[in-house]
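Order of the sequence lines fixes the chain letters, A, B, ..., with proteins taken first and strands second; residue numbering starts at 1 for each chain.
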Amino acid sequence: MSFNFTLLKTCGAARAGVFSTPHGDIPTPAFMPVGTQATVKTLSPAQLAGTGATMVLANTYHLHLHPGEDIVAQCGGLHQFMQWPGPLLTDSGGYQVFSLDQLRTLDDDGVTFRAPNGDPIRFTPEEATRIQNALGADVIMCFDECPPAKSSYEAVQTAIRRTTAWATRCQAYHQRSDQALFAIVQGGIYPDLREQSARELIALDFPGYAIGGVSVGEGADLIRQVVATTTPFLPVEKPRYLMGIGTYRELAQSVARGIDLFDCVLPTRLARHGAALVNGGERWNLKNAQFRRDYTPLDATCPCYTCQTFTRAYLCHLIRTQEVLGLTLLALHNVTELVRFVQSLRQAILDDRLLSAFPQYFEQMDS
RNA sequence: GGGUCGGUGCCCGAGUGGUUAAUGGGGGCGGACUGUAAAUCCGCUGGCUCUGCCUACGUUGGUUCAAAUCCAACCCGACCCA
């Protein structure tokens, strides 16, 4: 078997483990940078590896549009295509059901998106699975319906009904044993629907489970609540992936609830917008005048190339003059920062001191 | 010396008699960003004793109830002719 998930240590509900894939092992909990278009924006694979990232996420919908899965397959698959030798995961396009809600129509059989050039793009569970099989990531995701945070109970009921039906179809269509197909629990902010969705998907016996439908506009309190009410239903022996989450507090609290994998665009997007993640959660806009004559490193304790080499004044200059290197250097730092943060949470679990090591993130957490 | 066009807020540049402290850009200052249609998006950007007042569209004077906008002279710039 190409996939294996081994738990090394638990600390309350939190777990430290190793998720093994055909392209390498992922010490968990782990943070996955997002490389939607088969690139973590502004970072070369070598730079990405330098951040300590093990697994990287790419997107089925975007790669289907450009360059098309056939071209990726012709290049020998996604790993070869983007020259990332480590583990890869493709998201199914389910999030685009949410993010492109003005540009798609939804029915029980699937979704029709309108591409930027106007073309209709039809995604069904079978099509999303076929594309992901062709792309060849180690972990692929079921095509799900991701409803917005403000959805009514009835709308979320429909979404979990479709998500379960679609997961069944993805599972039936999926053929490659060297790819693990994960299911995605939906249910919005309604605990009973989260439980129902989890139970239905667990009955289908997937090798891993994701919590989807968070970070869709609901706010930190509800994210915490959704994670708290969903994780107890997920199988202990399988990896759990909280999709789209990447703030320090949410990462720490979710790890404490037993989440193993995370992804988030935040570190790379903030970097491209000129902001650095520092001090365990602060966001600094490096364009601000206060950094113009700041000759200290961004974070003297950070081992990344950016912090080891350059001053804040230089980063400020690059951002102000819109030099592309500025984006790269901030992305390098931000990704390193979040990868290392989750690594430090893992180490705390191994040391059996998760809550005491990071008290600042757990003060508002109910049991 | 003659002629033509032009001089607008930090910069560029609209506006050619009346909701004009004056459209847009840029720059400046700040904010947002959570499975990426995001190197994007959103504010603010003359002064003050601030529900109002003052100062502003080269300068000065004039016409008018009302002028950045019309008239005159002057100053400055670009180009053309001598």
>> So for A/N285 and B/G30, does any side-chain atom that can act as donor or acceptor lie under 3.5 Å from a complementary atom in the base?
In response: no

> How long is the span from the OG1 atom in A/T42 to the CD atom in A/Q47, to the nearest 0.5 Å?
Replying inline: 7.5 Å

> Distance between the C1' atoms of B/A21 and B/C53, in whole angstroms?
Replying inline: 13 Å

>> Parallel, tilted or perpendicular, judged at 30° and 60°: which one describes the rings of A/F113 and A/F123?
In response: perpendicular

>> Within the 4.0 Å heavy-atom criterion, would you say A/Q290 contacts the bases, only the backbone, or no part of the nucleic acid?
In response: nothing

> Which whole number of Å gives the distance between the C1' atom of B/G28 and that of B/C10?
Replying inline: 8 Å

> Within the side chain of A/T268, is there an N or O that forms a donor-acceptor pair under 3.5 Å with the backbone of A/V265?
Replying inline: yes

> Quick one: is A/N59 getting a side-chain N or O under 4.0 Å of the B/U36 phosphate, OP1 or OP2?
Replying inline: yes

>> Donor-acceptor check, side chain of A/D263 to backbone of A/G244, threshold 3.5 angstrom: yes or no?
In response: yes

> Which listed nucleotide (B/U34, B/U36, B/A37) is nearest to the side chain of A/T247?
Replying inline: B/U34

> Whole Å only: how far is the CG atom of A/L327 from the P atom of B/U36?
Replying inline: 19 Å

Can you give the donor-acceptor pairs under 3.5 Å from side chains of residues 75-94 of chain A to other protein atoms, not counting sequence neighbours?
{"residue": "A/H79", "atom": "NE2", "partner": "A/H23", "partner atom": "ND1", "Å": "3.2"}
{"residue": "A/H79", "atom": "NE2", "partner": "A/G86", "partner atom": "O", "Å": "3.2"}
{"residue": "A/H79", "atom": "NE2", "partner": "A/D138", "partner atom": "OD2", "Å": "2.7"}
{"residue": "A/Q80", "atom": "OE1", "partner": "A/Q83", "partner atom": "NE2", "Å": "3.4"}
{"residue": "A/Q83", "atom": "NE2", "partner": "A/Q80", "partner atom": "O", "Å": "2.8"}
{"residue": "A/W84", "atom": "NE1", "partner": "A/P87", "partner atom": "O", "Å": "3.2"}
{"residue": "A/T90", "atom": "OG1", "partner": "A/Q132", "partner atom": "OE1", "Å": "2.8"}
{"residue": "A/S92", "atom": "OG", "partner": "A/G94", "partner atom": "N", "Å": "3.1"}
{"residue": "A/S92", "atom": "OG", "partner": "A/C142", "partner atom": "O", "Å": "3.0"}

>> Measuring to OP1 and OP2 of B/A37, would you say a side-chain N or O of A/Q96 lies under 4.0 angstrom away?
In response: yes

>> If I take atom CG in residue A/L266 and atom C1' in nucleotide B/G35, what distance separates them, rounded to the nearest angstrom?
In response: 13 Å

>> Should the side chain of A/D91 and the base of B/G35 be counted as holding a donor-acceptor pair, with the cut-off at 3.5 Å?
In response: yes

> Residues sharing A/V216's hydrophobic cluster, by side-chain heavy-atom contacts under 4.5 Å among ILVMFWY, directly or via others?
Replying inline: A/Y95, A/F98

> Taking atom C1' of B/A38 as reference, at what distance in whole Å does atom CZ of A/R269 sit?
Replying inline: 5 Å

> What about A/E250, does its side chain sit under 3.5 Å from the base of B/U34 through a donor-acceptor pair?
Replying inline: yes

> According to the salt bridge (Lys or Arg N to Asp or Glu O under 4.0 Å) rule, which pairs have a member within residues 306-330 of chain A, sequence neighbours left out?
Replying inline: A/D294-A/R312

>> Side-chain heavy atoms under 4.5 Å apart, restricted to Ile/Leu/Val/Met/Phe/Trp/Tyr: what other residues fall into the cluster of A/I160, or is it alone?
In response: A/Y153, A/V156, A/I189, A/Y190, A/L193, A/L222

Protein-nucleic acid N or O pairs under 3.5 Å, nucleotides 27-29 of chain B:
{"residue": "B/C29", "atom": "OP1", "partner": "A/R320", "partner atom": "NH2", "Å": "3.0"}
{"residue": "B/C29", "atom": "OP2", "partner": "A/R320", "partner atom": "NH1", "Å": "3.1"}
{"residue": "B/C29", "atom": "OP2", "partner": "A/R320", "partner atom": "NH2", "Å": "3.2"}

>> Please report the distance, rounded to the nearest Å, between CD in A/E145 and P in B/G35.
In response: 19 Å

> More than 12 foreign heavy atoms under 6.0 Å from NZ of A/K9: is that the case here?
Replying inline: yes

> Does the side chain of A/T268 get closer than 4.0 angstrom to OP1 or OP2 of B/U36 through an N or O atom?
Replying inline: no

> Just wondering, do A/H273 and B/U40 stack (centres under 5.5 Å, planes under 30°)?
Replying inline: yes

> Hey, is the side chain of A/T36 poking within less than 4.0 Å of OP1 or OP2 on B/U36, counting only N and O atoms?
Replying inline: yes

> Using a 3.5 Å cut-off on both pairing distances, which stems of three or more Watson-Crick or G-U pairs include RNA chain B?
Replying inline: B:1-7 with B:75-81, B:10-12 with B:24-26, B:27-32 with B:40-45, B:46-48 with B:52-54, B:58-62 with B:70-74

